[in-house]
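All remarks here apply to the structure that follows.
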Amino acid sequence: MKEKVILAYSGGLDTTAIIPWLKENFDYDVVCCCIDCGQGNELDGLEERAKLSGASKLYIEDLVDDFCDNYIIPCVQANAVYENKYLLGTSMARPAIAKRLVEIARKEGATAICHGATGKGNDQIRFELGIKALAPDLKIIAPWRMTDVWTMQSREDEIEYCKKHGIDLPFSANNSYSRDRNLWHISHEGLELEDPANEPNYDHLLVLGVSPEKAPDEGEYVTMTFEKGIPVSVNGEAMKVSDIITKLNELGGKHGIGIVDIVENRVVGMKSRGVYETPGGTILLEAHQQLEELVLDRATMEVKKDMGNKFAQIVYEGKWFTPLREAVQAFVTSTQEYVTGEVKFKLYKGNIIKAGTTSPYSLYSESLASFTTGDLYDHHDAEGFITLFGLPLKVRAMKMQELKK
């Protein structure tokens, strides 16, 4: 009996060409697995395409809610943003996909998992670290790194290879952006973006919304509620997290929210330029942070900011299934106990403008913050505080004066 390999299958040209390549070079029984993290119509017609390409079976696994509840929400609660700009759309999805690939491999009795990630990118790391952590016995096949066997170097090569193997599908050799899409975001790389000196062609590029210039001239108010750091409603309507993100994507895309042009530092050591559209995610993170401003004390916020940056790095580097991620997430979860309340804001031409935040656990005291003297604050106390707080500075200055004499 032939050994089985599980192929992480998107239905695109790369993974379509990999099916006959695996059969020809390794004599594998190829089982395709397409993980739905909210790609939308990209999944249309996949079953026929996979079978036509020589796969023995195709799994289409709906992971949307799992992706939202178990991967996106921990990152939102941590306010995890890589290099201050990237909202981790692809990074969060890869461990979810790797986990399901392993589960299918166990179900099918497969001995290997294959992915189509390139040898220059981050995804090869994220997929493989996830597989190694969950199934160290499974073999991993990465065609793009096997240059002695995988000889195709272009879309034209792949199309010709497919035709030689009786696979004549409507793929185009035309250059286009390299994109990755899920419910949280869509990324764009390639074409004019490969040169950081070029301005993005937003009229050609954007998929989820419009540029701020083309957004409506009238702003739109939105109200969200959270319970323990988890969003539970939009504009008074209770929804599950995946539906909230879908709704926020619609609102954010309409108003030009969440378009980021970034040159990021990849794990493999190179810089990469891309444009990310994350309309709903940008709104959700901003609303969550507005609520935390009211609820968290200063010392916790200070440490949590550091932990958020660390969490972003962990996720970006593909280290989801590690004790460190679990430990940092446990800290973050503990900080969310009282992150409950309502956030109101206005969306206007790429901006998210505060319009009022309330929480039953708010630490904001109007009597303390106002310019009038309240019962809890005696202005005279500030003098002693400043004396002690500034004592190290004063001692050092006195010493420096003494040495100059």
Side-chain angles (χ1 to χ4, degrees), residues 1-12 14-16 18-19 21-23 26-39 42-43 46-47 50 55-75 88-119 121-146 180 182-184 242 267 311 314-327 329:
M1 182 181 292
K2 292 182 179 181
E3 290 187 352
K4 288 183 179 179
V5 60
I6 305 301
L7 172 62
Y9 183 65
S10 68
D14 287 349
T15 52
T16 297
I18 286 173
I19 296 172
W21 180 84
L22 285 168
K23 297 175 69 175
F26 300 95
D27 196 30
Y28 274 126
D29 177 6
V30 182
V31 177
C32 289
C33 186
C34 178
I35 308 298
D36 181 7
C37 290
Q39 293 94 305
E42 292 182 12
L43 304 181
L46 284 194
E47 188 159 3
S56 63
K57 188 183 294 186
L58 170 68
Y59 285 87
I60 297 181
E61 300 289 294
D62 184 350
L63 242 65
V64 173
D65 285 328
D66 176 53
F67 175 44
C68 291
D69 297 340
N70 298 314
Y71 298 86
I72 289 177
I73 286 301
C75 290
L88 301 172
T90 302
S91 312
M92 295 185 293
R94 295 313 185 228
I97 293 171
K99 184 171 184 284
R100 185 53 58 94
L101 291 174
V102 167
E103 291 168 355
I104 297 298
R106 297 305 192 203
K107 181 179 178 180
E108 288 288 335
T111 58
I113 292 176
C114 177
H115 65 78
T118 74
N122 294 316
D123 281 344
Q124 57 181 341
I125 300 167
R126 296 163 183 156
F127 280 133
E128 296 185 34
L129 263 59
I131 294 166
K132 289 176 186 294
L134 299 173
D137 55 301
L138 291 179
K139 183 179 179 181
I140 300 171
I141 300 174
W144 282 99
R145 298 202 304 260
M146 303 169 69
D180 179 79
N182 57 45
L183 188 67
W184 185 250
S242 59
V267 182
F311 200 81
I314 291 167
V315 177
Y316 188 83
E317 293 179 352
K319 298 176 181 177
W320 187 274
F321 300 107
T322 61
L324 178 58
R325 191 273 304 170
E326 293 174 359
Q329 186 172 327

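Heads up: numbering here begins at 1 and tracks the sequence.
- For the atom pair OG of S242 and CD1 of I72, the computed distance is 9.0 Å after rounding to the nearest 0.5 Å.
- A salt bridge between R106 and D137 is present, with a side-chain N of the basic residue lying under 4.0 Å from a carboxylate O of the acidic one.
- Interatomic distance, CG of L7 versus SG of C34, reported as 10.0 Å (0.5 Å rounding).
- Nearest heavy-atom pair across L46 and S10 is CD2-O, 3.7 Å.
- Two residues are said to be in side-chain contact when any heavy atoms from C-beta on lie closer than 4.5 Å; R126 and K319 fail this criterion.
- Cation-pi geometry between R94 and Y71 is not satisfied (NZ or CZ under 6.0 Å from the ring centre, within 45° of the ring normal).
- Using a 4.5 Å heavy-atom cutoff, the side chains of V5 and T111 are not in contact.
- Shown here for T90 and D123, the closest heavy-atom pair between the two residues is CG2-OD1, 3.3 Å.
- Between L88 atom CG and Y316 atom OH the span is 9.0 Å, to the nearest 0.5 Å.
- You'll find the side chain of K132 reaches within 4.5 Å of the side chain of I140, heavy atoms only.
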(message) Between L129 and F321, is the side chain to side chain contact (heavy atoms under 4.5 Å, CB included) condition met? List the steps.
(response) CA-CA 8 Å; L129 263 59; F321 300 107; over 6 Å; no
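- The nearest pair of heavy atoms linking I18 to G116 is CD1-CA, 3.8 Å.
- Here CD1 of I97 is found 11.0 Å from CG of D66. Values are rounded to the nearest 0.5 Å.
- To the nearest 0.5 Å, the span separating CD on E61 from CG on D36 amounts to 10.0 Å.
- Contact check for C37 versus L183: no side-chain heavy atoms found under the 4.5 Å cut-off.
- Heavy-atom minimum distance, T16 versus G11: OG1-O, 3.5 Å.
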(request) Go through F26 and K2 one step at a time and tell me if the side chain to side chain contact (heavy atoms under 4.5 Å, CB included) criterion holds. (result) CA-CA 10 Å; F26 300 95; K2 292 182 179 181; over 6 Å; no
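- In plain terms, the two heavy atoms of S56 and V31 that are nearest each other are OG-CG2, 3.8 Å.
- Side-chain contact between N182 and F67: present, with at least one pair of heavy atoms (C-beta onward) separated by less than 4.5 Å.
- Salt-bridge annotation for K99 and E103: present, with a side-chain N of the basic residue lying under 4.0 Å from a carboxylate O of the acidic one.
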(request) With side chain to side chain contact (heavy atoms under 4.5 Å, CB included) as the test, would you mind laying out the steps for I125 and E317 before giving the verdict? (result) CA-CA 7 Å; I125 300 167; E317 293 179 352; 5.8 Å; no
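- The CE atom of M92 lies 5.0 Å from the CH2 atom of W184; values are rounded to the nearest 0.5 Å.
- For the pair E108 and K57, the salt-bridge criterion is met [side-chain N within less than 4.0 Å of a carboxylate O].
- Counting heavy-atom neighbours within 6.0 Å of E47 CD, excluding the residue itself, gives a total of 12 or less.
- Contact between C33 and L58 at its shortest, heavy atoms only, is N-CD1, 4.4 Å.
- Residues V315 and C75 are in side-chain contact: their nearest non-hydrogen atoms beyond the backbone lie under 4.5 Å apart.
- R325 places a side-chain heavy atom less than 4.5 Å from the side chain of F311.
- Between E128 and R145, at least one side-chain N (NZ, or NE/NH1/NH2) sits under 4.0 Å from a carboxylate O, which counts as a salt bridge.
- In this structure, the side chains of Y28 and I141 come closer than 4.5 Å at one or more pairs of heavy atoms.
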